[in-house]
Amino acid sequence: MPKVVSDVTCPFCGTLCDDLEVTVSDDNKKILSVRNACAIGAEKFNHTSLPGRVTRPRMRQPDGTFKEITYDEAIDWTANMLVKSKKTLMYGWASTSCQAMSVGHEIAEKVGGVVDNCATVCHGSSLIAIQDVGIPSCTLGEVKNRADRVVFWGCNPAHAHPRHMSRYSIFPRGFFTVKGHKGRKIYCVDCRYTDTARVADEFIQVQQGHDYELLNAFRTAARGEPLPDTIGGVPKEKVYKIVEELKGGRFGVIFFGMGLTHTLGRNHNIDIAISFTRDMNDYMKFSIIAMRGHWNVTGSGQVLSWQYGFPYAVDLSRRSKARYQTGETTSVDLLVRNEVEACFNIATDPGAHFPIDSVISMSKKPTVTVDPHINMSTEISDIHIPVAMVGVETGGCAYRMDNVPIETRKVVDAPDGMLTDVELLTKINARVDQLMEAK
Amino acid sequence: MSEFIIKNGHVFDPVQGIKGDKKDIAVKDGKIVETSVLSSSAKQIDAKGKSVMAGAMEIHAHVAGPKVNLGRWYRPEDKLFDSHKTPGMTRIEGGKSIPTVFKTGYSYARMGYTFAMEAAMPPLYARHVHEEIHDTPIIDEAALPVFGNNWFMLEYLKNHEIENNAAYVAWTLNQTKGYGIKIVNPGGTEAWAWGLNCLSVNDPVPYFDITPAEIITGLIETNEYLGLPHSIHIHGNNLGNPGCYETTLDTLKLAEGFKAKNNFGRKQVMHQTHLQFHSYGGDNWGNFESKAKEVMDYVNKQDNLTIDTGNVTLDETTTMTADGPFEHHLGGLNHLKWANVDVELETAAGVVPYIYSPDIKVCAIQWAIGLELALYAKDPMRCFITTDHPNAGPFTRYPRVIKWLMSRKARDTQIKAFKNSDKVVAATNIAEMDREITLYELAAMTRAGPAASLGLSKDYGGLKPGMNADIAVFNINPDNMPSDPEEIEKIFSGVAYLFKDGKICVKDGVVVDNGNKRTFWVDVKVKENKQVAHDVKEKFLKYYSINERNYPVPDSYAPHPYVIAVDATQ
């Protein structure tokens, strides 16, 4: 008899939907169907049983091909690499559990690693802005229960966070929002007409790279000060009108994404979006929330923060202190400047997302990639260690984009003999201890 | 397990009424025992010329959880020049006002603390709180879930449904592995979800049509109905504003007529936390003054209250509280970065950095008020020392607060150093106060007192045979007290020995063992309550953003629990 596992948390994006129902075969080995998930989330579960899945570590041979090795051999090679290297980039962590991160950090502290997560090429600029000006924010349930003015700025949840709109931000009926969609006014600010813009009441097309100016104009308009005729391609009348409409609500929220963090101005865009949000609290309740991407990138920031006090790019290479300086201890910069001696990637794919110069730099160093699947990073690594998929084949804690911690569940068994991230890292940690003692 | 005998120390133990007599303390299997029980292999610790007390208990500090961690990561400057590792078994430590979990555990232990209560846990974020508690070494910890603005509670208490509210509280303690009932700005934080506030105990809460006074008395009744080890733990309305002492007295008076009902020896029905922030007179920052005397006169009379001080330490720090509207207000005052998180159905939190400058009159008056509270306290078993870490200052400043409390000379030096010394003296009573807290009183204020208030007096806070062997030995000789107050600060910064569960964890101020850290929580059994079960189901279906089954904190988050069972079915 197939079994249904309910209340499953989806390990795909920062929305962290926790209402999935997954049907698994009697022997707990195969996923038969996934309900309630978006197309991407369902695909993530189905990936476990894709043909050709790698279930044992692979080592690159001189001719470029990979040869299967045992976990013990891979662990030994990795531990030796970590102990030998004076400074290792330990990048990723965004698709694994907080428990695994904790073990990873212990290793990094011993061997002198730089622990960085994918905020470094994503919402890192948001984190910098928050360090500069703070952030008035709320949980997603507050948005569902109270928000009557919702702004999507430089983000496209229709594609990137597919269930965000139905679970939290546009459609749901909450305690004080009994009319659901009809009770909310939705704004979308983007340089293109996206699928999110299609469901918005108002689309504001900003000229590419002019988000800062437009946000500045929003702040100005909120204070009733004069504006030039057009700002970033938007007529001033429209700006005044929208700000007045926003003020007519009781609870507003801005969701923002890469369109704001990675266009001209970067952290300054977020800075002024936060400042606008703060200003609006003089008239009504207003919050702002970053649309975090990977399902547990927020968790990596949390664990790093309670252990070292910084949310990403934590340099432990001095072994006696933690340092953090964007541009100095961030992955891309370290790689481009050839400042690390080895790379240890886990649970995120830098090969697919980093600028090519840094990927080339990585490919020339001893590199180990820990990932359930073959990806662009595994293909430039000396060793690929496949592991059980967190959130599907093993559980653990994850943090949603609003920092709410939710437990992921194990729904099926991993292929026989495969290790989880926690098991693998614990073994590497033990081997590192042995090697360092011998030294 | 090993045996120890701590020989010839001056013992200070309010539990047994020992005031500095020379006595041997014997330790076996993690417990304090009669010396006659020890075998000849017991290890001897020479405590001659030293003082021996129980491990200290922190009753109120923000040391783990979402707002603490937000404070950590959004203030990288807090770690500047303050990230370090000492050789040995410790991990990298960092942070001044909001130390990392490693530094938190080690620092408490080095100062002789063995327990800390996380003062505000949003139930939705309980998992996060427990992850941090799990990673904090040595010290035992517990956390108080916040209830003062919770929708379930607002709806039950509006109709005075104590039994339902009690069943809900019991359910939440169980789900979150929580310790007791915390109240922060009752009603005001819910109002803050609309940008409003409740500044007196009679301001109605928007929509829910209940007053803070009804919330507070309803939660006292709930607490005593359940018979929890701790009483309600309250941060009242109108915190931090000139003239707020009147609201404080209104809040305290709500406890009149209530009697503690529990099996833990707890006598109070209300613990008023960080009273310093609630003892302000005047009606603006110009005529701001101390009302510590007025407030303490009342507290001294009422046996069913305990308080902690919330001493300002004159440092740069990071304020953080579930009092969302207050942090917004504070951000407007000092224009430093304001962070806020509103939590669905439950609470909110704000974080703002703050600099208590000795050059600013108001800060200096706040400093004086905190000390006055402790110096006016007639019963040290009901007045505990805190800094409301990190709100009035980091907990790592306890040795300095102790110095000020134990030495008038140290206070006078500080008063003279204030830029507005005359104005500070005029607005406070500190300059004329002679009292110097004794070591015995200190043991009550930091050990036996908090343990009794938390309902832990059976096993903690004292040195009686049978109690847990959490013991701090300090290099201070009551027969030969240091004449230089700076020495006092130094002595309390690093214990000679700290025993935790009968194991030496700190020696000469250096961490030598990571101990056996435990998580305390209260497991209450109540009668089956279909109404509450239905309400929980409905709220999760309709209003929460996560599913009910994903709400509880799994046992794996507290692998070494100390579960206090309470049976409220009778």
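We name chains A, B, ... by the order of the sequence lines, and we start the count at 1 in each one.
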Name the region of A/Arg250, side chain, backbone, both or neither, that has any atom closer than 4.5 Å to a heavy atom of chain B. both

Close contacts, residues 541-552 of chain B versus chain A, judged by heavy atoms under 4.5 Å: B/Lys542, B/Tyr543, B/Tyr544, B/Ser545, B/Ile546, B/Asn547, B/Arg549, B/Asn550

Output the option from B/Trp338, B/Phe102, B/Trp192 having the highest count of non-hydrogen pairs under 4.5 Å with chain A. B/Trp338

Which bit of A/Thr9 is near chain B, if near means a heavy-atom gap under 4.5 Å: side chain, backbone, both or neither? side chain

Backbone N or O of B/Ala339 within a donor-acceptor pair of the B/Lys67 side chain at under 3.5 Å? no

Side chain, backbone, both or neither of A/Tyr283 within contact of chain B (heavy atoms, under 4.5 Å): neither

Below 30° counts as parallel, above 60° as perpendicular, anything between as tilted: where do the rings of B/Phe208 and B/Trp151 land? tilted

Go through A/Gln99, A/Lys144, A/Glu109, A/Lys321 and name the one with the most non-hydrogen pairs under 4.5 angstrom from chain B. A/Glu109

Looking at B/Glu77, B/Lys79, B/His84, which makes the most heavy-atom pairs under 4.5 Å with chain A? B/Lys79

When you measure from the centre of the six-membered ring of B/Phe152, is the NZ or CZ of B/Lys539 closer than 6.0 Å and no more than 45° off the axis? yes

Would you mind checking which part of B/Pro66 comes under 4.5 Å of any heavy atom in chain A, side chain (CB onward), backbone (N, CA, C, O), both or neither? neither

Nearest atoms (heavy-atom pairs only) where A/Thr408 meets A/Ala398: CG2-CB, 4.0 Å

Separation of A/Ser166 OG from A/Asn36 CG (nearest 0.5 Å): 10.0 Å

Would you say the ring centers of A/His161 and A/Phe255 fall short of 6.0 Å from each other? no

Does B/Lys96 pair with B/Glu316 as a salt bridge, N-O distance under 4.0 Å? no

Please tell me whether B/Asp535 and B/Tyr168 have a donor and an acceptor in their side chains that are separated by less than 3.5 angstrom. no

For A/Val404, is it the side chain, the backbone, both or neither that has a heavy atom under 4.5 Å from a heavy atom of chain B? both

Counting heavy-atom pairs closer than 4.5 Å to chain B, which one of A/Leu140, A/Val143, A/Asn281 comes out on top? A/Asn281

Judged by modelled atom types alone, do A/Glu407 and B/Tyr557 share a side-chain donor-acceptor pair under 3.5 Å? yes

A/Thr96 backbone acceptor or donor facing A/Asn296 side chain under 3.5 Å: yes

Do you know which of B/Ala193, B/Pro87, B/Gly94 has the most heavy-atom pairs with chain A at a distance under 4.5 angstrom? B/Ala193

So which of B/Glu132, B/Lys85, B/Arg72, B/Glu131 has the biggest tally of heavy-atom pairs under 4.5 Å with chain A? B/Glu131

Test side-chain hydrogen bond (donor to acceptor under 3.5 Å, both in side chains) applied to B/Ser83 - qualifying residues, sequence neighbours left out: none

Hey, are A/Lys179 and A/Asp148 close enough for a salt bridge, meaning a charged N less than 4.0 Å from a carboxylate O? no

Contact class of B/Pro99 relative to chain A, heavy atoms under 4.5 angstrom: neither

Just to be sure I understand the criterion: a residue of residues 304-312 of chain A counts if one of its heavy atoms is under 4.5 Å from a heavy atom of chain B. Which ones qualify? A/Ser305, A/Trp306, A/Gln307, A/Tyr308, A/Gly309, A/Phe310, A/Pro311

Between A/Gln302 and A/Asn403, is the side chain to side chain donor-acceptor pair (under 3.5 Å) condition met? List the steps. CA-CA 8 Å; A/Gln302 292 290 352; A/Asn403 299 304; 2.9 Å; yes

Test item: side-chain donor near acceptor, A/Tyr168 and A/Asp402, under 3.5 Å: no

Identify whether the distance between the nearest side-chain nitrogen and carboxylate oxygen of B/Asp135 and B/Arg91 falls below 4.0 Å. no

Largest heavy-atom contact set with chain B, pairs under 4.5 Å, which of A/Arg409, A/Arg146, A/Arg400: A/Arg146

Is it true that a side-chain atom of A/Asp271 and a backbone atom of A/Asn267 form a donor plus acceptor pair closer than 3.5 Å? no

Exactly one candidate in B/Asn197, B/Asn149, B/Thr347 meets side chain to side chain donor-acceptor pair (under 3.5 Å) with B/Asn185; the answer is B/Asn197

Contact list (residues 319-336 of chain B to chain A, heavy-atom gap under 4.5 Å, by number) returns B/His328

Pair B/Tyr207 and A/Phe175, ring centroids less than 6.0 Å apart: yes

Does any heavy atom of chain A fall under 4.5 Å from the side chain of B/Leu196, the backbone, both, or neither of them? neither

Mark yes when over 12 heavy atoms from residues, nucleotides or ligands other than A/Arg319 sit less than 6.0 Å from its CZ; otherwise mark no. yes

Ignoring hydrogens and geometry beyond distance, is a side-chain donor-acceptor pair present between A/Tyr324 and A/Gln131 at under 3.5 Å? yes

Picking from B/Tyr125, B/Tyr74, B/Trp194, which has the most non-hydrogen pairs under 4.5 angstrom with chain A? B/Trp194

